[in-house]
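Below: the structure, in structure tokens.
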There are 2 protein chains.
Amino acid sequence: MKELIEKYKERGFKLTPQRLAILKFLDGNTSHPTADDIYRQIKKDYPTVSFATVYNTLQMLQKKGEVAEITIDHQKKHYDPNPKPHHHIICISCNKIGDVFEDYSEALRLPYHIEEEFKPVGSHINFYGICRGCQKKHKRRN
Amino acid sequence: MKELIEKYKERGFKLTPQRLAILKFLDGNTSHPTADDIYRQIKKDYPTVSFATVYNTLQMLQKKGEVAEITIDHQKKHYDPNPKPHHHIICISCNKIGDVFEDYSEALRLPYHIEEEFKPVGSHINFYGICRGCQKKHKRRN
DNA sequence: ATTTAAATTAGAATAATTCTAATCTAGTAA
DNA sequence: TTACTAGATTAGAATTATTCTAATTTAAAT
Ligand SMILES: [Mn+2]
Ligand SMILES: [Mn+2]
Ligand SMILES: [Zn+2]
Ligand SMILES: [Zn+2]
């Protein structure tokens, strides 16, 4: 967090209250918020904040590698404030997202004919499942 | 293909020329078209076809498990006419999509604390890479 | 205090997808 | 063949996420 602020200043970016609020919200946040989630949170303290600011800040942070977009929902983008490579598990019922910090890279060898066509640079796994809460809900219905 | 048409009729769905054209376009298609790709193709033969028809048909086919949505592009949905479970590799430069028919499920064991929270039902891997064409382009630039 | 490049803002623009309500038609049965 | 009708198609409007724009404000350097 502090380092992030320092990095900011070093690189000649202005540290505005809105940005600071966004940084604070994201720092250590293990949820996977959408732009709208962030917007609504920041709006509590800065009622005039605009979506443009949220999107601009997210784009900057993305370029700096501090947050990552995750590709799980076609409706809206989700952002991951944890830039360390990891995977995700999504509840197919309520869309709850969990982190999976497990390195599968050794096991994910590509078939030879694919490696001829693509030079691999990384991978990301989406696990699907049903979360505790939703399992209970389903049981109750029966 | 024929089976698909039969299945259609059996289930009491009408087989319209537009739907048939969409089915034909998708049959054996190893690309991963968007609704717009399909729309433009069908429009060649049926100039009055509407987006609603394309989306409706895709939704039906999805419900029947004949096509799958793939989650790789936040801009637009891509559809996969091959419903057999498989993974994908995406060129980070031109977004070309390739199929990866390799079963990694044995290797993808989830950590215990995740299995406590989620009952797993499946997984999908996005590999990222740089395709032949894009590798060449990059070299040329240097 | 002044300056100014960068950031913020409200609101417009864009683009993918879904919805709506009127019209049409595939398939059935007289 | 003809008539019927549930379901399909259509044009265009609505919705929604994201990006763009141009005017205004501000952080931070001087
Ligand atoms: Mn995560
Ligand atoms: Mn595929
Ligand atoms: Zn759930
Ligand atoms: Zn490429």
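Residue numbers begin at 1 in each chain, while the letters A, B, ... track the order of the sequences.
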Would you tell me if any nitrogen or oxygen in the side chain of [X] comes within less than 4.0 Å of OP1 or OP2 on [N]?
{"X": "A/Lys77", "N": "D/dT19", "result": "yes"}
{"X": "B/Arg19", "N": "C/dA26", "result": "no"}
{"X": "B/Thr53", "N": "D/dT10", "result": "yes"}

In whole Å, what is the span from the [atom1] atom of [X] to the [atom2] atom of [N]?
{"X": "B/Asp37", "N": "C/dT17", "atom1": "CG", "atom2": "C1'", "value": "15 Å"}
{"X": "A/Leu15", "N": "C/dT8", "atom1": "CG", "atom2": "C1'", "value": "14 Å"}
{"X": "B/His78", "N": "C/dA16", "atom1": "NE2", "atom2": "P", "value": "11 Å"}
{"X": "A/Asp45", "N": "C/dT8", "atom1": "CG", "atom2": "C1'", "value": "17 Å"}
{"X": "A/Leu61", "N": "C/dA7", "atom1": "CG", "atom2": "P", "value": "12 Å"}
{"X": "B/Lys76", "N": "C/dA15", "atom1": "NZ", "atom2": "P", "value": "10 Å"}
{"X": "B/Leu20", "N": "D/dT9", "atom1": "CG", "atom2": "P", "value": "11 Å"}
{"X": "B/Tyr39", "N": "D/dA11", "atom1": "OH", "atom2": "P", "value": "7 Å"}

At 4.0 Å (heavy atoms only), tell me whether [X] reaches a base, stays on the sugar-phosphate, or touches nothing.
{"X": "B/Thr16", "value": "sugar-phosphate"}
{"X": "B/Phe13", "value": "sugar-phosphate"}
{"X": "B/Lys14", "value": "base"}
{"X": "B/Thr48", "value": "sugar-phosphate"}

Would you kindly compare B/Thr57 and A/Gln18 by the position of their nearest DNA chain D nucleotide and give the one closer to the 5′ end?
B/Thr57
Toward the 5' end of DNA chain D, by each residue's nearest nucleotide, B/Val49 or A/Gln75:
B/Val49
Answer with yes or no whether the side chains of [Y] and [X] bring together a donor and an acceptor at under 3.5 Å.
{"X": "A/His88", "Y": "A/His124", "value": "yes"}
{"X": "A/Thr34", "Y": "A/Asp37", "value": "yes"}
{"X": "A/Asp73", "Y": "B/His74", "value": "no"}

Would you say B/Val100 and A/Pro111 make side-chain contact, with heavy atoms under 4.5 Å?
yes
Position toward the 5' end of DNA chain C (nearest nucleotide), A/Asn56 or B/Tyr55
A/Asn56
Toward the 5' end of DNA chain C, which comes first, B/Asp36 or B/Pro17, by nearest nucleotide?
B/Asp36
Over 60° means perpendicular and under 30° means parallel, so classify the ring planes of A/Phe51 and A/Tyr39, tilted if in between.
parallel
